[in-house]
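Notes to accompany the following structure.
Since the structure is predicted, the reported quantities are computational estimates derived from the model, not experimental observations. So you know, we letter chains A, B, ... as the sequences are listed, proteins then strands, and number each from 1.
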Amino acid sequence: MAERKVLLERYDVPNIWELDVYRRHGGYATLDGLFAKSPTDWVEEVKASGLCGRGGAGFPTGVKWSFLAKGTGKPTYLVVNADESEPGTCHDRRLLERLPHQLIEGIINTCYAIDAHEAYVYIRGEYLEPYQRLVQAIREAEAAGLLGKTVAGQDFPLRIVVHRGAGAYICGEETALLSSQEGDKGQPRQKPPFPAVAGLYAAPTIVNNVQTISTIPHIVRHGAAWFAGINLAPESKSPGPRILSVSGHVQRPGIYEVETGTPFEELLYGLCGGIRGGHDLKSVIPGGSSMPMLPKDVILQTDTSFESIRKAGSQPGSGAVIVMDETTDIPTVVWRISRFYAHESCGKCTPCREGNPWSVKLLRRFVDGTARAEDLRILVEVAEAMEKNSFCPLGIAAAWATQGALKHFRHEFEARISHASAIAAGD
Amino acid sequence: MPVLSDATRASIREAAGQYPPGRQKSAVMPALYLAQDDAGHLNPEVLREVAELLRLAPVHVAAVATFYTMFEKAPHGKHIIDVCTCVSCQLLGGYDILAHLERRLGIKPGETTPDGRFTLREQECLGSCASAPVLQVGYRFHEELTTVKVDALIDELLQEGADG
């Protein structure tokens, strides 16, 4: 099976990040028909396409747009979430580096649909090169009259400001991102109110991920029915092409754009060339490091549709597929994942701030083989407390990583319980 | 007596102008980046000056600066080497790369070489998972690393120092 390249169709065109090259390859063609329809028509079109957000939560994009508060007397903002930080995820970076104009075209399309005249792109700080590419592309678009007081000669002003993050995973959570952009510490806010009602500067705001916005021009150009038809899984309500970052123990790691419903077996053994060095597959995390891992026999019965991944007991998340072969020590992997969340906890709520470091300490004992019998029970309890009581998805999903490993690979943890260490109490 | 150059102070004011009227607080992160580029790291004097330029409480600017890992609060070497050891890099030898650099540079993560050339750090996911293992030098990516590639990179950086 081949990839289904839509967003990545022009990826390999030399210098595609330059305006002239992008235009020669059909770039900005959507601006010809965009203004002929009303903004509401476009919201309906995106709703009808079935596009679900690509960032992690998977919420239907058009439905989100339709929640925008009207008649508030305040401006409406679009904020593009380019704070790609979920371990395993690296495709938005490539979209920003190589196809910044596709994103800008999507921003123009979206801003017209939601009647916004100011858009912000919040990009993770470590993405210095993608940031520079994007800023350069915006300058080119401004000089060409595609942004500014008018867009392509239409009475529609639009400005894009790029805001650099500075190394905080939590800012990928939309309300933390808004706090950060407002100049505060990036900590999440209570929802409701949702950003569509009171977001950036307490004004109605749509926060969408880079890949989601980069998809919009293709829906504008080819229509909702075309997009909805890109779906191999008849029961799936999350159609379209989706870019997955495949990392870990495959022959050919990379970013792959596949049709919804592509079996993982075809992705891993076809597109990615199978497992490295003739090894056997052990486990796959299908949606970024905080999603529950699935063992070989389950993942090979699963496809990439949101519904199939959920049915298998995990989540599609950020689309980061992390592959582990038979040589992988699961407690060591989970310890490292847990350390990430401990480092990135923003400190706002106790279950996440305290639970993550506690999990790391416990997991380290399983790595070292010094775990006490009760450590497994405590690990389960801490994860449950985090899942049930954390303020935002960071703490909740951090627990999922541990829970997924314990569900399928509990024996690996049990094998590390040291009876000698049980005597040396206290630690 | 300002610590920051006139050019930096002007750039900070300009950054504040990117945001809607009355929202100059949004400029705190761009301002901290500009100040850091100028002063090398964000000491209390620099933070106070940023606060003054943006008319913010110094404690607020300090709170923001300490929340984010990319704002340097202490002096560091000429080249900051950030090695990713997070899960995708871990699976493909990120810790071996880090250990190799520790031996080569003779320092532990978080330390700076006595000649002030290199600061070594262990990092969380850098977003280059499909090209693992990776590191960044001054936020420029170096991907699909091997110990041979790492040695060549260090040699190159040392050469750069010798030329400069």
### Message
Tell me which pairs pass ring-ring contact (aromatic ring centres under 6.0 Å, His included) where either residue lies in residues 127-159 of chain B, with sequence neighbours left out.
### Response
none
For chain A, which of [options] has the most heavy-atom pairs under 4.5 Å?
options                    : result
B:L92, B:L56, B:V28        : B:L92
B:V61, B:L91, B:V87, B:L54 : B:L91
B:A15, B:S128, B:A132      : B:S128
B:C125, B:C86, B:S26       : B:S26

Taking the basic N atoms (NZ, or NE/NH1/NH2) and the acidic carboxylate oxygens, is any pair closer than 4.0 Å for [X] and [Y]?
X      : Y      : value
B:D82  : B:R121 : yes
B:K149 : B:E143 : no
B:K108 : B:E102 : yes
A:R159 : A:E118 : yes

Go through the atoms of [X] and report whether side chain, backbone, both or neither lie under 4.5 Å from a heavy atom of chain B.
X      : answer
A:V321 : neither
A:R339 : both
A:D184 : both
A:V246 : backbone
A:I170 : side chain
A:C346 : both
A:T327 : neither
A:Y341 : neither

### Query
With ring centroids as reference points, do A:H163 and A:Y120 lie under 6.0 angstrom apart?
no
### Task
Verify the ring-centre separation between A:Y201 and B:Y19: is it less than 6.0 angstrom?
no
Out of [options], which one racks up the most heavy-atom pairs below 4.5 Å with chain B?
options                       : result
A:T332, A:T328, A:D325        : A:T332
A:S180, A:C171, A:A320        : A:S180
A:H91, A:R276, A:E86, A:R124  : A:R124
A:M324, A:R252, A:H249        : A:H249
A:G347, A:P87, A:A168, A:S245 : A:P87
A:Q181, A:E84, A:R164         : A:R164

### Query
Who are the side chain to side chain donor-acceptor pair (under 3.5 Å) partners of A:S359, not counting sequence neighbours?
none
[X] portion near chain A, given a 4.5 angstrom heavy-atom threshold:
X      : result
B:S131 : side chain
B:Q24  : neither
B:Q18  : both

### B:E111 side chain near B:L105 side chain, heavy-atom distance below 4.5 Å
no
### Message
For a 4.5 angstrom cut-off between non-hydrogen side-chain atoms, does A:Q211 reach A:L95?
### Response
yes
### Message
Under a 3.5 Å threshold, yes or no: a donor from one side chain and an acceptor from the other, between A:R336 and B:Y95?
### Response
yes
### Query
Are a donor atom and an acceptor atom from the side chains of B:T112 and B:T119 found within less than 3.5 Å of each other?
yes
### Task
Check the pair A:E97 / A:R93 against salt bridge (Lys or Arg N to Asp or Glu O under 4.0 Å), numbers first and verdict last.
CA-CA 6 Å; A:E97 269 174 9; A:R93 173 181 152 211; 2.9 Å; yes
